[in-house]
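Here's the structure, in structure tokens; my notes come after.
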Amino acid sequence: MTLDLLHGGALDRMREAFPDAPTPWIDLSTGINPWPYPVGAIPEAAYHHLPTQAAYERCRTAMSQAFGAPLESLLLSPGSELLIRLLPGVISPERVAILSPTYGDHARAWKSAGCEIVETDAPLDMAGTADAVVLCNPNNPDGRRFDPDRLMTAAEKLAARGGWLIVDEAYADLYPELSVAAHGGRSNLIILRSFGKFFGLAGVRLGALIAPPPILTSLSEQLGVWPVSGPALAIGARAYRDRSWQEKTRDRLKEARAHLDDTLRAAGLRVVGGCDLFRIVQTQDAASLWRRLAQKGIYVRRFEWSDHMLRIGLPADPESEQRLADALTP
Ligand SMILES: Cc1ncc(COP(=O)(O)O)c(C=O)c1O
């Protein structure tokens, strides 16, 4: 099996690998909201002209208000993935403690920068010894949550030694109460935000870095003059200002997640973690269940670090949910 298939989001490869699977394929391999923000019409000028400073500021203001982060601590980016890759070029820790399991690109980025990596399920315990602590809150893939007060205590401990706390809040739009964005701008605290997941618009490529001024300056130089496209700025400004959609969406996702849990449990699976955009189930033989689902045109996420876990995103409609339920029944 190729790495792409083991990971999520490679539906074209799945079609090739399982040509006899019934269609349409149901892609539950990512944790992206299946009911995207209704973007509406975007002014032609957003496509036609280079992005203006005013458009950038409108989006930045909407984001900072939605996150509760100080405006001056925010820098916009084309998604948070790029930031993960650029960060090791901006700060130079020797020893980096990274939550494990978590989104794999964190470890990959620090490793390729030559840092010593400690992958641990207790990264905050290393605030007194590591030069940087990296975690996701809530975590992908297991949905683990970290109390913001505990995070800020660790941040202070790290700051006292010149260390860094890096919090990836890619899924924090689901649970604003978990965010430490209000502390944005404090020396030694770096926060990453992603637009694509909660708003269901991963293709727009929008994210943000919340960090103290020297980090913003350095990354801003690397990102260049027009890091985010005009349409992305217009969509982001609109979506982050729309609090009513955000509140309704949180309720809708919570309800859908409860429904998915019922389906998974009815099929005899143990739901052992996740958040309102995806669930983690434990099963005797993850590889064979993954294959069985793939043969039925359903794509879920496997992990290289576990033979027993699968991650399953929210089905978009009752037909998909029924196909999942049928496919799970041996
Ligand atoms: C925890 C986490 N952080 C960051 C990213 C990168 O997302 P994006 O570049 O779309 O902001 C992902 C994508 O899956 C993720 O799961």
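For the single chain, residues carry numbers from 1 onward in sequence order. When a ligand or atom number is given, it counts from 1 through the structure's own listing order.
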Task: The single option from R193, R250, Q246 passing side chain to side chain donor-acceptor pair (under 3.5 Å) against D173 - done: R193
Open item on the list: Looking only at protein heavy atoms, which one is nearest to atom 16 (O) of ligand 1, and what is the separation?
Closed with: N140 ND2, 2.8 Å
Task: Those atoms of ligand 1 less than 4.0 Å from some heavy atom in G79 - done: 9 (O), 11 (O)
- [ ] Could you find the nearest protein heavy atom to atom 2 (C) of ligand 1 and give me its residue, atom name and distance?
- [x] D168 OD2, 3.4 Å
TODO: Indicate yes or no for a side-chain donor-acceptor contact from R60 to the backbone of L71 under 3.5 Å, with no hydrogens or angles considered.
DONE: yes
Open item on the list: Can you report which non-hydrogen protein atom sits closest to atom 6 (C) of ligand 1, along with the distance?
Closed with: S80 OG, 3.4 Å
- [ ] Please lay out, stage by stage, how Y37 and F198 fare under the test ring pair (Phe, Tyr, Trp, His ring centres under 6.0 Å).
- [x] CA-CA 9 Å; Y37 182 74; F198 176 77; 9.8 Å; no
- [ ] Can you sort out which atoms of ligand 1 are near S194, meaning under 4.0 Å from one of its heavy atoms?
- [x] 7 (O), 8 (P), 10 (O), 11 (O)
- [ ] Would you tell me whether N140 and R311 have side-chain atoms, one donor and one acceptor, within less than 3.5 Å of each other?
- [x] yes
- [ ] Check each of R205, K197, E81 against atom 13 (C) of ligand 1 and report the one with the nearest heavy atom.
- [x] K197
TODO: Would you please classify the geometry between the Y240 ring and the F195 ring as parallel, tilted or perpendicular, with 30° and 60° separating the classes?
DONE: tilted
- [ ] Assess F195 for proximity to ligand 1: is some non-hydrogen atom of it under 4.0 Å away?
- [x] no
Task: Those atoms of ligand 1 less than 4.0 Å from some heavy atom in Y171 - done: 16 (O)
Task: L76 backbone acceptor or donor facing Y56 side chain under 3.5 Å - done: yes
